[in-house]
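Just so you know, residue 1 is the first one in the sequence shown, and it goes up from there. No hydrogens, no waters, no symmetry mates; every other heavy atom, side chains included, goes into these values. Computed from a predicted model, the values in this text were never measured in an experiment.
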Amino acid sequence: QVQLVESGGGLVQAGGSLRLSCAVAGLSFSRYNMGWFRQAPGKERDFVSAMFWSGGTTYYADFVKGRFTISRDNAKNTMYLQMNSLKPEDTAVYYCAVDSNNVRSRKDYRYWGHGTQVTVSS
């Protein structure tokens, strides 16, 4: 059974930083593309960032470019999202996802975590 468990969310002031982690179990993590998405109340789940299985190619939504960094540690079966210069509009539930050929599309991912809340106060 494949499981994805996010951690690292919380409450932070604007301008602060958080590092999200996503521990993956039940599959050969190093073979799969991965991504991060977020969903604010009343809004759709939006693409945030993605990384190919090889780690050589990354993608970012325009609203996080220069502030967020995606990474992975295949030895630990874990992916990360370093979030700096956080803004109140970054407040959302953040989800990790694995196994997609269209890494920017939420509809294409096969496995999802349950999400971690990030709240940025002004």
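In this structure, the side chain of Glu6 engages the main chain of Gly115 through a donor-acceptor pair within 3.5 Å. Between the Ser54 side chain and the Phe52 main chain, no donor and acceptor come within less than 3.5 Å of each other. Of the possible donor and acceptor atoms, one in the side chain of Thr116 sits under 3.5 Å from a partner among the backbone N and O of Gly9. Between the side chain of Asp90 and the backbone N or O of Lys87 there is at least one donor-acceptor pair closer than 3.5 Å. Remark: side-chain polar atoms of Asp108 are not paired, donor with acceptor, to backbone N or O of Ser100 under 3.5 angstrom.
Listed by chain and number, the residues in a side-chain hydrogen bond (donor to acceptor under 3.5 Å, both in side chains) with Glu89 amount to none (sequence neighbours excluded). Partners of Arg104 according to the side-chain hydrogen bond (donor to acceptor under 3.5 Å, both in side chains) rule, which considers only residues two or more places apart in sequence or in another chain, do not exist here. For Ala25, there are no side chain to side chain contact (heavy atoms under 4.5 Å, CB included) partners at least two apart in sequence or on another chain. Checked against side-chain hydrogen bond (donor to acceptor under 3.5 Å, both in side chains), Thr91 has no partners two or more places apart in sequence or in another chain.
Between Leu18 and Val118 the shortest side-chain heavy-atom distance falls below 4.5 Å. Using a 4.5 Å heavy-atom threshold, the side chains of Thr119 and Val12 count as separate. Annotation: side chain of Met34 is in contact with side chain of Ile70 (closest heavy-atom distance under 4.5 Å). Counting heavy atoms from C-beta on, the side chains of Tyr95 and Gln39 come closer than 4.5 Å. Taking the side chain as every heavy atom from C-beta outward, Cys22 and Thr78 never approach each other to under 4.5 Å. The shortest distance between side-chain heavy atoms of Asn77 and Arg72 does not fall below 4.5 Å. The closest side-chain heavy-atom distance from Met79 to Cys96 is below 4.5 Å. Between Phe68 and Leu81 there is a side-chain heavy-atom pair separated by less than 4.5 Å.
Aromatic ring centres of Phe47 and Tyr59: separated by at least 6.0 Å.
Phe29 CZ to Asp99 CG: the interatomic distance, rounded to the nearest 0.5 Å, is 11.5 Å.
Here salt bridge (charged side-chain N to carboxylate O under 4.0 Å, His left out) pairs that include residues 41-50, with residues two or more places apart or in two chains, are Glu44-Arg106. Pairs engaging residues 9-33 under the side chain to side chain donor-acceptor pair (under 3.5 Å) rule: Ser17-Asn84 [sequence neighbours left out].
Summarising the geometry of Ala92 relative to Arg38, their closest heavy-atom pair is CB-CB, 3.9 Å, with the distance given to 0.1 Å. Here the shortest heavy-atom pairing between Ala97 and Tyr109 reads CB-CD2, 3.4 Å. When all heavy atoms are compared, the tightest approach of Val2 to Leu4 is CG1-CD1, 3.7 Å. Residues Ala14 and Ser122 share a closest heavy-atom pair of CB-CA, 4.4 Å.
Leu27 and Trp112 sit in two unconnected hydrophobic clusters of ILVMFWY residues. Membership requires side-chain heavy atoms under 4.5 Å apart, directly or through other members. Under the 4.5 Å side-chain heavy-atom criterion for grouping Ile, Leu, Val, Met, Phe, Trp and Tyr, Met51 is connected to Met83 within one hydrophobic cluster. Residue Val48 is grouped with residue Tyr111 when hydrophobic side chains (ILVMFWY) are merged at heavy-atom distances under 4.5 angstrom, including chains of intermediate members. Trp36 is connected to Val64 through a chain of hydrophobic side-chain contacts under 4.5 Å among Ile, Leu, Val, Met, Phe, Trp and Tyr, so both are in one cluster. One hydrophobic cluster holds both Tyr60 and Phe63 under the rule that ILVMFWY side chains link at heavy-atom gaps under 4.5 Å.
With salt bridges taken as basic N to acidic carboxylate O contacts below 4.0 Å, one links Lys65 and Asp62.
No more than 12 heavy atoms of other residues, nucleotides or ligands sit less than 6.0 Å from atom CH2 of Trp53.
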